[in-house]
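One structure below.
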Protein chains: 2
Amino acid sequence: MEAASFVTKPDDRLPRYQQLRDDLVSRIAAGEWALEEAIATEAELGQFYNVSTGTVRKAIDLLVADGVLTRSQGKGTFIRRPRFDSSLFRFFRFKSRDGEPVRPTARVLKREVVKPGDEIRSTLRMKASEKAIHLSRVRLIEGQAVLSEEIWLPRARFEPLATLPLGDFEDLLYPLYERLCRQIVASATEILKVEQATSDDASLLNVAVGSPVIQVHRVASDFAGTPFEWRSTRGAATTFQYQVEIR
Amino acid sequence: MEAASFVTKPDDRLPRYQQLRDDLVSRIAAGEWALEEAIATEAELGQFYNVSTGTVRKAIDLLVADGVLTRSQGKGTFIRRPRFDSSLFRFFRFKSRDGEPVRPTARVLKREVVKPGDEIRSTLRMKASEKAIHLSRVRLIEGQAVLSEEIWLPRARFEPLATLPLGDFEDLLYPLYERLCRQIVASATEILKVEQATSDDASLLNVAVGSPVIQVHRVASDFAGTPFEWRSTRGAATTFQYQVEIR
DNA sequence: CAGTGGTCTAGACCACTTG
DNA sequence: AAGTGGTCTAGACCACTGG
């Protein structure tokens, strides 16, 4: 029997379904299938890799659990993009005057194209000479600033954003990244900390200097795992809540 | 063919492995197997429920994903207790002077047996006449208080703790619950909030009044899902950090 | 209707643990 | 050596989607 058509050389010590999983990740990262379009069917994959459909299913199960794929009975298996809309809602509870949850709008206050500091440069794996795009935004609910954001992007990947008129930036940046720069966020890591409001925070967010502020620090990466966005979001701690289930 | 020996009446609209999962939960909650001892083998369960081992595996997969069971190749499948040790470490980073992570010790400052307030009474589903045990603890690292805790327990389930000498309370309460009261924590929900230090916080935790404080509010439940512990933990926000992966 | 994923079977053989 | 869970097969049939 033949070892079948792996795109990348598999690790033979691993079970077949793990090898298969890894190979599928490679093919997804390589862009073999369009975002949110169906990948090859289980039967096709079974034939392609010369394994039974049960083994294909197990590999796909892993990727579904990882949030990389979603299945849809009768339709197919699809590449899933992470749902960042809910991300801020995980940490901050924003409500309009009538109590309905709302998504804040956004306004870019400042953009500059400069050499970043060491932390950002190393996080984004940039060369020493490379410049970055730095955005300062506020996010508002009913005209009231509730979050302030600092965003850093490597210029090479995001050139179109260096010249886009500030008024053309939309509330959500990730669709913009996709459309204008063909950069797709596949995953992210967020770290929460509590700080005390600086005078900048105080004037932007309309809170007292020294009052508690939540800082959410996010690093977003592409399907290959390369980080390409550094973001820091600050908001008044009074709007913060977070819930965890332990089992 | 016979419908096989379910302990509780299964919902026929659900797939077999879901029915099986639910039935296994009932049997676990009923105490059919001792904590952290092996449950029936996959082959036995397949015979018992009259399904193939593949279906049994899928049911057990769900419970493993839920954190109710763990498998151990060659040994068996075991009931798992939640790992609460890591819980506080998820939110607070405690280090000793030499940088090693440490578990804080504990000291009970006060115990009273009283009627609880409405929030605690309804959370713990207690009758209006029922009394609760209220503990106030501090947790210390190298003699320094880093967390303060308020704990409420329904008296009926925790009678032995109403009279236990305060010095006999241990750093970890859950082993005590198990040994003295036969109460086993199966799951919990935690909610995080940020508050400003009260004067009580200030004197207990040695922080400034008004400085940010993290409050972790936990409700712990047994295998049947009945909540039986209400706990609130407060610590200086400077020791707080939390990390999330988004996919 | 054809095609997809979802459920389920009845095995086989492997890897690991324990006596 | 006996018993456990771990991997894998080669199917069958069901439930849902879309043309």
Side-chain angles (χ1 to χ4, degrees), chain A residues 1-6 10-24 28 32-34 36-80, chain B residues 1-6 10-24 28 32-34 36-80:
Chain A
M1 199 51 64
E2 187 29 43
S5 19
F6 281 88
D11 184 340
D12 286 330
R13 299 165 302 180
L14 264 39
R16 299 263 261 279
Y17 69 87
Q18 286 282 9
Q19 299 175 26
L20 220 165
R21 186 213 102 104
D22 294 347
D23 206 60
L24 286 173
I28 291 166
E32 180 162 335
W33 297 289
E36 286 177 344
E37 295 310 315
I39 68 170
T41 69
E42 297 180 350
E44 284 166 3
L45 289 171
Q47 238 178 324
F48 184 81
Y49 289 106
N50 196 27
V51 296
S52 82
T53 63
T55 303
V56 173
R57 283 191 71 78
K58 184 137 188 180
I60 293 180
D61 281 345
L62 292 178
L63 291 170
V64 169
D66 280 353
V68 176
L69 298 175
T70 50
R71 301 180 201 264
S72 214
Q73 179 170 156
K75 293 205 281 190
T77 301
F78 299 81
I79 298 178
R80 175 184 173 278
Chain B
M1 198 52 66
E2 187 31 41
S5 20
F6 281 88
D11 184 340
D12 285 332
R13 300 165 302 181
L14 263 39
R16 300 261 262 278
Y17 68 88
Q18 286 281 10
Q19 298 176 25
L20 219 164
R21 185 213 102 104
D22 294 347
D23 205 60
L24 286 174
I28 291 166
E32 179 162 337
W33 297 289
E36 285 175 343
E37 294 310 315
I39 68 170
T41 69
E42 297 179 350
E44 285 165 0
L45 290 171
Q47 239 179 323
F48 184 80
Y49 289 106
N50 196 28
V51 296
S52 81
T53 63
T55 303
V56 173
R57 281 191 71 78
K58 184 138 188 179
I60 293 180
D61 281 345
L62 293 177
L63 292 170
V64 169
D66 281 353
V68 175
L69 298 176
T70 50
R71 301 181 202 264
S72 218
Q73 180 171 151
K75 293 205 281 187
T77 302
F78 300 82
I79 299 179
R80 175 184 173 276

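Heavy atoms only: backbone and side chains are in, while hydrogens, waters and symmetry mates are out.
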Next on the checklist: What is the separation between atom CG on A/Leu14 and atom P on D/dG6, rounded to the nearest whole Å?
Outcome noted: 16 Å
Item to check | d(CG, A/Leu45; P, C/dT4) in whole Å | outcome: 11 Å
Checklist outcome for this item: Atom CD of A/Glu42 and atom C1' of D/dA10 are separated, to the nearest Å, by 15 Å
Checklist entry - Rounded to the nearest Å, what distance is computed from the CZ atom of residue A/Arg57 to the P atom of nucleotide C/dC8? => result 11 Å
Item to check | Atom-pair distance (OH on A/Tyr49; P on D/dT9), nearest Å | outcome: 14 Å
Next on the checklist: Using every non-hydrogen atom in the two residues, find where B/Arg21 and B/Ala59 come nearest and quote the distance to one decimal.
Outcome noted: N-CB, 3.9 Å
Checklist entry - D/dT7 C1' sits how many Å from A/Leu62 CG, rounded? => result 13 Å
Item to check | Residue pair A/Arg71 / A/Val64: nearest heavy atoms and the distance that separates them | outcome: CG-CG2, 4.0 Å
Next on the checklist: Using heavy-atom distances to pick each residue's nearest nucleotide on DNA chain D, tell me which of A/Thr55 and B/Gly76 is more 5'.
Outcome noted: B/Gly76
Next on the checklist: Closest approach to the side chain of B/Thr41, judged atom by atom: which nucleotide of D/dG18, D/dG5, C/dT18 is it?
Outcome noted: D/dG5
Next on the checklist: Please pick, from D/dC8, C/dC8, D/dT4, the nucleotide with the shortest atom-to-atom distance to any side-chain atom of A/Tyr17.
Outcome noted: D/dC8
Checklist entry - What's the CH2-P distance between B/Trp33 and D/dT4, to the nearest Å? => result 14 Å
Item to check | For atom CG of B/Leu20 and atom P of C/dT7, their distance in whole Å | outcome: 14 Å
Next on the checklist: Under 4.0 Å, counting only non-hydrogen atoms across every strand here, what does A/Arg16 touch: a base, just sugar-phosphate, or nothing?
Outcome noted: sugar-phosphate
Checklist entry - Side chain of A/Gln18, backbone of A/Pro15: donor and acceptor closer than 3.5 Å? => result no
Checklist entry - What nucleotide, of C/dT4, D/dG5, C/dT17, holds the atom closest to the side chain of A/Glu44? => result C/dT4
Checklist entry - Side-chain N or O of B/Arg71 less than 4.0 angstrom from OP1 or OP2 on D/dT4? => result no
Item to check | Whichever of A/Ser52 and B/Gln73 has its nearest DNA chain D nucleotide further upstream toward 5' | outcome: B/Gln73
Checklist entry - At their closest point, which heavy atom of A/Ile79 faces which heavy atom of A/Trp33, and how far apart are they? => result CD1-O, 3.6 Å
Next on the checklist: With a 4.0 Å cutoff (strictly under), does any side-chain N or O of B/Lys58 reach OP1 or OP2 of C/dC8?
Outcome noted: no
Item to check | Closest listed nucleotide, where the reference is the side chain of A/Thr53 and the choices are C/dG6, D/dG11, C/dT9 | outcome: D/dG11
Item to check | side-chain contact (heavy atoms from CB on, under 4.5 Å) between A/Leu24 and A/Leu45, intermediate numbers included | outcome: CA-CA 10 Å; A/Leu24 286 173; A/Leu45 289 171; 4.1 Å; yes
